[in-house]
Novice: 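Before I ask anything, here is the structure I am working with.
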Amino acid sequence: MSQSSLDYLTVSLGEKLKLQYYMKAEDIILGLGENQRGINKRGGIYESYCTDEPLHTPGKKALYGAHNFILVDGPERFGIFIDFPGRVSFDVGFTHKDMLEITINGSDADIYMIKDKGLRNITRHFLSSIGQAYAPPKWAFGYQQSRWGYETALDVEKIANSFIENDIPCDSIYLDIDYMKDFKDFTVDEERFPNFGEFVQKMKAKGFRLVPIIDAGVKIEKDYDVYEEGIEKGYFCKDEKGEPFVAAVWPGKVHFPDFLNEDVQRWFGLKYKTLIDCGIEGFWNDMNEPAIFYSEKRLDQAIQVAKQSENENLDIYAFFKLKDVFTNLSNSPEDYGSFYHNVNGENIKHDKLHNLYGFYMTKAAAEGFMEIKPNERFLLFSRASYIGMHRYSGIWTGDNNSWWEHLLLNIKMMPSINMCGFLYSGADTGGFGGDANGQLLIRWMQLSLFTPLFRNHTAIGHRMQEPFAFEEETTSIIRDIIKLRYALFPYIYSEYMKALHGNDVYFSILSFEYDDLMSRRVENQLLVGDSLMICPIYEENATGRYVWLPEDMLLWKHRGDSQGNYSIVGKGHMYLEAGLEEIPIFIRKNKMLILGKSARNVDALVGDELSVIAFVDSKATYRYYDDDGRSLEYQKGLYSEILIEIQKNEDDFEIAVKYSRSEKVKKISFEIFDSNGNITRKTILCK
Ligand code: MIG
């Protein structure tokens, strides 16, 4: 093993690459995307190895994504990106409290070190090197309802009707594996979802788009076209003997398409056409780590162990051996080491590039859409991911639980995920596993209302979790939250698209903007875009929480019944009272929030009248962005902008509004607060 150094990093070369950095006491380690524990990763071990992890407890080292970007924030500030598709582990001061040790399970990694001034600049530098983020269609920024267990078209329609009856805005309803025929990709169960194309149109006419799931494994079944074609063309991953590798997931035995191969990518990508032809405009790609319930070979071995145990008096060792042999069947390293990809004619063992599997499945889908409907945006997000996949889709954070701890984890994950490029992201609001009570759902919604992907999803067998599944009072609070989301649409969409165009983040930690000591430590407050700070309540029965204000801010406590609850709150620590029905939103000093009028779904948003809530001490500027929300024309610079400037004079505010290509907005009304909390109202009519 030889050693060299990359600035202050020590690099050991050998069969495995090791990077070591001696952390200073005040160093904060950021990044690592979708992961457990804090925003400051210090104290834990993390592993980049895309894993179908059904229980996100704190000790788990790997979740679904492999996001090898970390940022050291201390006297030295720098980012490290490790481009390596196999296993990488990050020991961030776990084994030795001051040692950051990165172990790369191979020797052919590309390692980038990024230096720049400030955390945001380093991040932007990194983001500009990995490419522009994906833009979903506008409707994908609406509220979305999901549940594994909407088993029939009738179930789905009932849900849609309940949204309408309860006057709750919603843009889409998800189809989980229930819609498929025997869990076969690109099929629809004709009995449970008859005349699928007509049903899709009917639901669209009601105002709801349907979003079906696609799984990575292809069911082995004679006469199933995807299976037959895959076999004929040799498109599946191979085992040691060169036969298609057999694993089992939902449908029982499956083959895995060899997504690392370009021909396979194109073939699979075009398969989405069957559903697109029925009017589908969005998909979610699941189980693409790929998840393996069991492999044939290892199941046989386990059954042998079971047979040997028959009629035996099992002591503790024998009993656990028997039990473990079955529980360890899923997602086993042994299986990942026993199938192969064909990459440009070369046979490569899966575990060497495991982390790219979901990436290429998702790229395949995105490129398929481009070919099927060029210049149209699709909703797409994936469970497994690797850095760079953000160019094609978003991600969701997988199978969380209806636990308050996971609401907090969601807060902490968002800025880290954004730093790794994934702007379109969100968690299963309300929790996937377990049963949520109304209070948890309300508090979670109060966070998710700011996440670009705003989806309520839960698992079969658990309590219903739609906004109307609880008491009338809960429904009414949730209705207000969702309506607020649609009112905030102009701001959320603007900030998302500006982040995309500027290789920036949408969610960030306070220290991206403030350099005081407290702002570096706070992990439960987030900046949303350029103007807002949010402080979600994440503890059960809490009616408030402590908040750190790095500067004076305007606090808007939104409640459905009284919209105008504003106050200027001073820099420092504060206890923020926030009852269950109140959503605290902090508007930063010399910044403004842009709102529109709520509507039943994104298509129904008119967008001709904007209102601005501003806190101006000297001067505030805002760039309002808009585009058609459907096409890829924004990539050619076809979007509109309104530049709003508010200048404070002696005893008045001067407003300047400059347009570029904007015809939609006819009127902007302003509510401007000065540092004493005095309010000035003005309205500007636009020609
Ligand atoms: O093994 O399709 O994370 O969102 O509802 C579970 C059923 C498979 C896992 C996904 C979840 C989805 C579920 N899937």
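The analysis underlying the following values was restricted to heavy atoms, covering all of them including side chains, and did not include hydrogens, waters or symmetry mates. Order of listing sets the numbers, starting from 1, for every ligand and every atom in it.
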Novice: Suppose we measure from atom 1 (O) of ligand 1 to each protein heavy atom; which comes out shortest, and what is that distance?
Specialist: W250 CZ2, 3.1 Å
Novice: Are any of the N or O atoms of D428 closer than 3.5 Å to those of ligand 1?
Specialist: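 Among all N and O atoms of D428, none is under 3.5 Å from an N or O of ligand 1.
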Novice: Record the part of I213 in heavy-atom contact with ligand 1 below 4.0 Å; permitted values are side chain, backbone, both and neither.
Specialist: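 Answer for I213: side chain.
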Novice: Atom 12 (C) of ligand 1: which protein heavy atom is closest, and how many Å away?
Specialist: D176 OD2, 3.4 Å
Novice: Could R455 and W284 be counted as a cation-pi pair, given that NZ or CZ must be under 6.0 Å from the ring centre and within 45° of the axis?
Specialist: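 The answer is yes, since R455 meets both limits relative to W284.
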Novice: Please check if the distance between the ring centroids of H67 and F422 is under 6.0 Å.
Specialist: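 Ring-ring flag for H67/F422: true, centres closer than 6.0 Å.
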Novice: Centres of the Y272 and F283 rings: under 6.0 Å?
Specialist: yes
Novice: Considering heavy atoms of the protein only, find what lies nearest to atom 4 (O) of ligand 1 and give residue, atom and distance to 0.1 Å.
Specialist: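 Among all protein heavy atoms, the one nearest atom 4 (O) of ligand 1 is H457 NE2, 2.9 Å.
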Novice: Test the R87-Y49 pair against the cation-pi criterion, namely NZ or CZ under 6.0 angstrom from the six-membered ring centroid and within 45° of the ring axis.
Specialist: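 Yes, R87 sits over the ring of Y49.
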Novice: Spell out, as yes or no, whether a donor-acceptor pair under 3.5 Å connects the side chain of N355 to the backbone of S48.
Specialist: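 It does hold such a pair.
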Novice: I177 heavy atoms, cut-off 4.0 Å: which ligand 1 atoms fall inside?
Specialist: 2 (O), 7 (C)
Novice: Under 3.5 Å between any N/O of D399 and any N/O of ligand 1: does that happen in this structure?
Specialist: yes
Novice: Does D286 reach ligand 1 with a nitrogen or oxygen that is under 3.5 Å from one of the ligand's nitrogen or oxygen atoms?
Specialist: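 Yes, there is a polar N/O contact under 3.5 Å.
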Novice: Go through ligand 1 atom by atom and flag the ones less than 4.0 Å from a non-hydrogen atom of W396.
Specialist: 3 (O), 4 (O), 10 (C)
Novice: Compute the shortest N/O to N/O distance between W284 and ligand 1 and return yes if it is under 3.5 Å, no if not.
Specialist: no
Novice: Kindly indicate whether a cation-pi arrangement holds for R443 with W404, taking the cut-offs as under 6.0 Å to the six-membered ring centre and within 45° of the axis.
Specialist: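 Because its charged atom misses either the 6.0 Å distance or the 45° angle limit, R443 does not stack over W404.
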Novice: Side chains of L63 and H56: does their closest heavy-atom pair fall under 4.5 Å?
Specialist: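 Contact flag for L63/H56 side chains = yes.
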Novice: Once you restrict to heavy atoms under 4.0 Å, what part of Y64 touches ligand 1? Side chain, backbone, both or neither.
Specialist: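 None of Y64 does.
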Novice: With heavy atoms of M287 as the reference, note each atom of ligand 1 found under 4.0 Å away.
Specialist: 1 (O), 8 (C)
Novice: Would you please indicate yes or no on a ring centroid separation below 6.0 angstrom for F256 and F236?
Specialist: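 That pair fails the under 6.0 Å test.
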Novice: Taking the ring of F268 and the ring of F186, is the distance between their centroids below 6.0 Å?
Specialist: yes
Novice: Mind checking whether F183 contacts ligand 1 via backbone (N, CA, C, O), side chain (CB onward), both or neither, at a 4.0 Å heavy-atom cut-off?
Specialist: neither
